[in-house]
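Heavy-atom basis, side chains included; hydrogens, waters and symmetry copies ignored. Each ligand, and each atom within it, is numbered from 1 in the order the structure gives.
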Amino acid sequence: MPLVYDFSHKHRRPPMEYKDLLGGKGANLAEMTSVLRLPVPPGFTISTDACRLYMHGGWPKALDKEIAGARARLEKAMGKKLGDPRNPLLVSVRSGAKFSMPGMMDTVLNLGLNDKSVEGLAAQTANDRFAYDSYRRFVAMYGRIVLEVPGEEFDERFDAAKAAAGVTSDAQIPVELLKKLVEDYKAIVKKHTGKAFPQDPTAQLLGAVEAVFKSWNGPRAFAYRDRERIPHDLGTAVNVQAMVFGNRDDNSGTGVGFTRDPASGENKPYGDYLINAQGEDVVAGIRNTEDLDALKQQFPKLHKELMGIFARLEKHYRDMCDTEFTIEQGKLWMLQTRVGKRTGRAALRMAVEMTKESAIKLSHTEAVQRITEDQLSQVLHPQFASSGQTVLAKGLAASPGAAVGRVYFTADDAAAAAERGESVILVRSETSPEDVHGMLAAEGILTARGGLVSHAAVVARGWGKPAVVGAEQVRISGNQFNVGDVTVREGDWLSLDGTAGVVVTGQVALVSGKPPKEFEVILGWADTIRKGHLKVRANADNGPDATNAREMGAEGIGLCRTEHMFLGEDRLPVVRKMILASTPEEEEAALEGLLSVQREDFLEILTAMDGLPVTIRLLDPPLHEFLPSTHEMAVKEATTGLTDAEKELFEAAKLWEEANPMLGTRGVRLGVVKPGLYAMQVRALMEAAEQLASTGGHPIVEIMIPLTVTREELGLARSWVEGAVASVKAKAAKKVKGAKLDVLIGTMIETPRAALVADQIAEEAQFFSFGTNDLTQMTFGFSRDDIEGRIMGPYLEQGLLKRNPFEVVDYDGVGALVRMGVAKGHETNPNLKTGVCGEHGGDPESIDTFYAAGVDYVSCSPFRVPVARLAAAQAVLAHPEVGKAKKAPGKRVAAKKMAKKTAKRAPAKKTAKRAPAKKAPAKRAPAKKTAKRAPAKKAPAKRAPAKKTAKRAPARKTARRGR
Ligand code: ADP
Ligand code: MG
Ligand code: MG
């Protein structure tokens with residue numbers, strides 16, 4: 001295999017497909033040269049193979065010879081030689097990896113100049129100034145980029161020379177001074193490197209190539225790859241290209257052009273150019289650039305030629321392209337092209353319009369595949385109108401969108417300020433259910449502690465409120481916070497960007513997030529693709545959220561958390577009464593009180609989702625979350641003292657306190673110790689459903705038991721649910737004849753054990769919903785609330801974890817449990833419905849994992865629903881084998897296994913596609929074990945009274961933990 005390829009090399013496939021080998025820039029230069037036959041200055045590409053060889057064993061032996069050969073061919077083609085004292089060839093040395101990558105070595109222009117060839121250039125162009133200006137630039141560029149001399153030294157000398165000559169513009173510097181500058185620059189190089197500036201063009205060239213190789217592992221490039229999850233072993237290519245000069249004269253220039261407007265997506269070329277300029281001058285902002293209309297005026301023929309090239313590029317790449325071009329003495333040269341970056345708005349518009357254009361003929365499928373998650377969410381959330389603000393603090397990007405407001409430090413203050421009409425940013429160390437009114441009132445939320453599934457993050461995402469969490473540099477003390485030596489006081493303005501996880505002082509201007517009309521078009525196509533394969537539901541806890549979710553396109557509710565219904569000011573005291581109840585009668589009375597309010601909540605939700613399934617999760621969190629903090633109570637007791645009622649609460653709080661609440665009395669366990677609770681919830685729910693049905697609605701209810709780990713547990717919980725359902729139905733049947741109610745009873749799978757014995761649990765369940773937040777917590781043994789603040793950073797930096805598993809579901813571990821749970825569940829219950837309701841349900845890469853595992857739906861925050869609809873369609877397209885297996889009845893379990901085999905994890909990049917499986921293993925575990933184990937339905941009678949249980953709970957003194 002050669003290590004060097006001319007741009008005109010005949011590859012077996014189109015060169016643009018060789019980005020792995022040639023890098024993006026090299027592959028497209030070759031494509032433009034040999035396929036499109038556009039005017040590209042000739043050159044060659046040193047492959048990524050060469051770079052990899054260099055990284056492993058130093059400079060490859062064969063490389064010198066190959067570079068010499070390619071250089072000789074280039075010299076022949078140009079009729080000039082590198083370093084020729086009469087007629088020198090000059091080249092640029094340009095890095096170019098597979099993925100466009102800031103942090104790599106900058107391009108060196110004008111390579112080949114030395115003390116002799118500069119004379120040749122002067123003679124050849126009859127322009128001394130041009131020649132010495134080029135040489136001066138080259139010595140500084142090469143010195144800075146290749147020899148690592150501090151660039152300021154050149155700049156200082158340059159400014160001093162300008163001042164001495166009494167000129168203000170670079171172009172006025174006289175030739176003699178330029179010559180002097182070259183000498184000074186060379187002296188600077190000698191001082192820093194101990195060696196003279198290399199005069200030999202071969203040494204210059206090889207030095208530059210090696211510097212590009214080395215820059216691959218420079219700290220900036222390394223950090224960038226980490227962040228973008230680009231593998232570190234790809235290596236970069238190096239392009240060596242004959243120079244063309246946009247800075248020759250006023251008949252020359254250089255520019256950048258997009259074949260369409262990358263901001264709006266309008267089908268109108270867009271560009272900037274500068275007359276008499278070279279390289280980066282256009283983007284450096286030194287002079288004011290002109291647009292393509294000006295080009296048309298000044299160079300009508302060249303403009304026409306450029307427009308023709310744009311059209312050919314678009315037709316060829318079937319997409320919007322971005323280009324770099326240079327004009328040398330009236331001749332147009334193309335120096336670069338690639339598929340251009342674009343805003344979300346532009347991406348949507350282009351994708352839709354390109355389906356209607358005969359030159360491109362994009363299919364609906366291709367259009368859907370082209371839109372990224374970022375592009376879609378960009379158009380939904382407000383954003384900072386411009387970038388470049390000084391970042392005060394960084395945290396986790398917990399909930400997208402930008403917000404601006406005045407800072408308040410307590411929920412009450414935030415709510416009061418919002419009441420006065422102020423925009424508010426709520427800043428807390430962390431939030432708890434007691435802060436929700438302040439969170440609701442705030443435009444945005446900032447916390448110093450907590451991870452992506454902390455209370456603040458989950459609640460904010462649920463409401464589509466921008467949030468930055470776990471900003472550890474933020475030190476709150478009373479009514480102010482500090483980051484380093486910056487102090488932000490109550491009432492000060494603060495801006496935050498929850499998409500990027502950054503916080504900025506003051507008021508940053510925002511742009512709105514109203515989606516363009518193409519948004520619905522693309523999502524409509526996505527819905528068609530995923531129809532019958534993967535549904536998208538929402539996590540919503542109340543009527544307005546449910547309504548909003550439906551508007552966003554949710555096909556039901558996958559998770560309604562009933563605990564939020566217990567936290568209202570009117571309800572918390574009743575919940576506390578229930579916890580404190582000392583007789584069954586008192587408990588009963590408190591439950592009745594809750595029943596009526598819950599019924600209203602349920603009715604609202606069911607009405608909003610009429611005709612679509614609604615999964616109601618029975619109460620899940622540890623009961624002590626409804627009690628005051630023992631810490632605060634202890635402080636109060638010691639200072640102002642406690643009232644009798646408070647004393648009672650304090651006692652209860654101590655009684656219910658647990659060392660490890662996340663592993664304690666929560667989920668179905670709560671139901672076991674307070675059995676009346678679940679029955680009450682189900683009655684409230686069923687009464688609401690009856691009410692809706694009696695007015696002609698079609699409620700579809702799915703009752704979900706949280707945190708089940710055994711079949712027996714689920715059997716027991718199921719018996720209460722069925723009992724309550726039956727009692728409500730019996731009553732209702734007398735009133736409304738023929739009212740039909742669909743009720744499914746199922747469970748969450750959120751512990752490893754539940755997944756491991758999913759076949760047993762499925763005997764009692766009509767559906768599974770994988771709660772992947774807890775499943776991740778329990779599988780890794782990572783506390784959801786603590787781990788992201790301290791541990792996740794170092795783990796990601798050191799490569800101990802590729803991704804934050806609370807953000808992207810862990811394919812190998814948690815993903816395996818989901819695959820196992822789905823497959824085993826279907827063994828004993830082929831009609832089992834399966835879904836996912838963790839935060840991962842809104843993450844595209846996780847959605848792909850879940851679809852391949854065979855789940856029927858994902859459920860996510862209402863504001864994530866559009867992204868999930870798109871990602872679901874993309875997952876369906878990426879896994880044709882899953883769709884086929886689902887259509888063939890009976891093959892279902894096999895399909896899951898096949899998907900499992902198939903999904904060999906490509907590293908990193910989201911774009912990685914998994915190859916479809918060739919053969920289904922088709923071995924299907926028989927469902928024989930079912931009969932052996934009788935479901936445990938007899939349990940209820942034996943229950944110990946709840947009261948006693950509660951008393952036995954140890955009163956630990958540890959500080960309250962968890963959410
Ligand atoms: P980047 O990846 O940062 O864009 P490039 O390699 O594209 O770096 O080059 C930087 C600048 O130098 C661009 O404006 C490009 O047009 C210009 N340039 C590169 N090679 C040549 C060349 N052979 N002749 C003239 N200009 C060049
Ligand atoms: Mg470029
Ligand atoms: Mg859970």
For atom 26 (N) of ligand 1, grab the closest protein heavy atom and report residue, atom and distance to one decimal in Å.
-> Leu335 CD1, 3.3 Å
Atoms in ligand 1 with a heavy atom of Ala242 nearer than 4.0 Å = 22 (C), 23 (N)
Going by heavy atoms, is Gln278 under 4.0 Å from ligand 1?
-> no
Contact region, Gln241 to ligand 1, non-hydrogen atoms below 4.0 Å, reads both
Name of the Glu324 atom (N/O/S only) found closest to the Mg ion (ligand 2) = OE2
Side chain, backbone, both or neither: Leu109 near ligand 1, heavy atoms under 4.0 Å | side chain
Taking the six-membered ring for Trp, are Phe197 and Tyr142 parallel (under 30°), tilted (30 to 60°) or perpendicular (over 60°)?
-> perpendicular
Report the part of Pro41 in contact with ligand 1, treating N, CA, C, O as backbone and CB onward as side chain, heavy atoms under 4.0 Å; options are side chain, backbone, both, neither.
-> neither
Could you check Asn247 against Asn276 for side chain to side chain donor-acceptor pair (under 3.5 Å), going step by step and ending with a plain yes or no?
-> CA-CA 4 Å; Asn247 55 340; Asn276 202 346; 6.0 Å; no
Among protein heavy atoms, which sits nearest to atom 24 (N) of ligand 1, and what does the distance come to when rounded to 0.1 Å?
-> Val244 N, 3.1 Å
What atoms in ligand 1 come closer than 4.0 Å to a heavy atom of Ser92?
-> 19 (C), 20 (N), 21 (C), 22 (C), 23 (N)
Which ligand 1 atoms, with their elements, are less than 4.0 angstrom from a heavy-atom of Thr107?
-> 5 (P), 6 (O), 8 (O), 9 (O), 10 (C)
Ring centres of Phe258 and Phe310 under 6.0 Å apart?
-> no
Ligand 1 contact on Glu324 by region, counting heavy-atom pairs under 4.0 Å = side chain
Could you tell me whether the side chains of Gln329 and Asn251 share a donor-acceptor contact shorter than 3.5 Å?
-> no
Is the distance from the Mg ion (ligand 2) to the nearest N/O/S atom of Gln336 under 2.8 Å?
-> yes
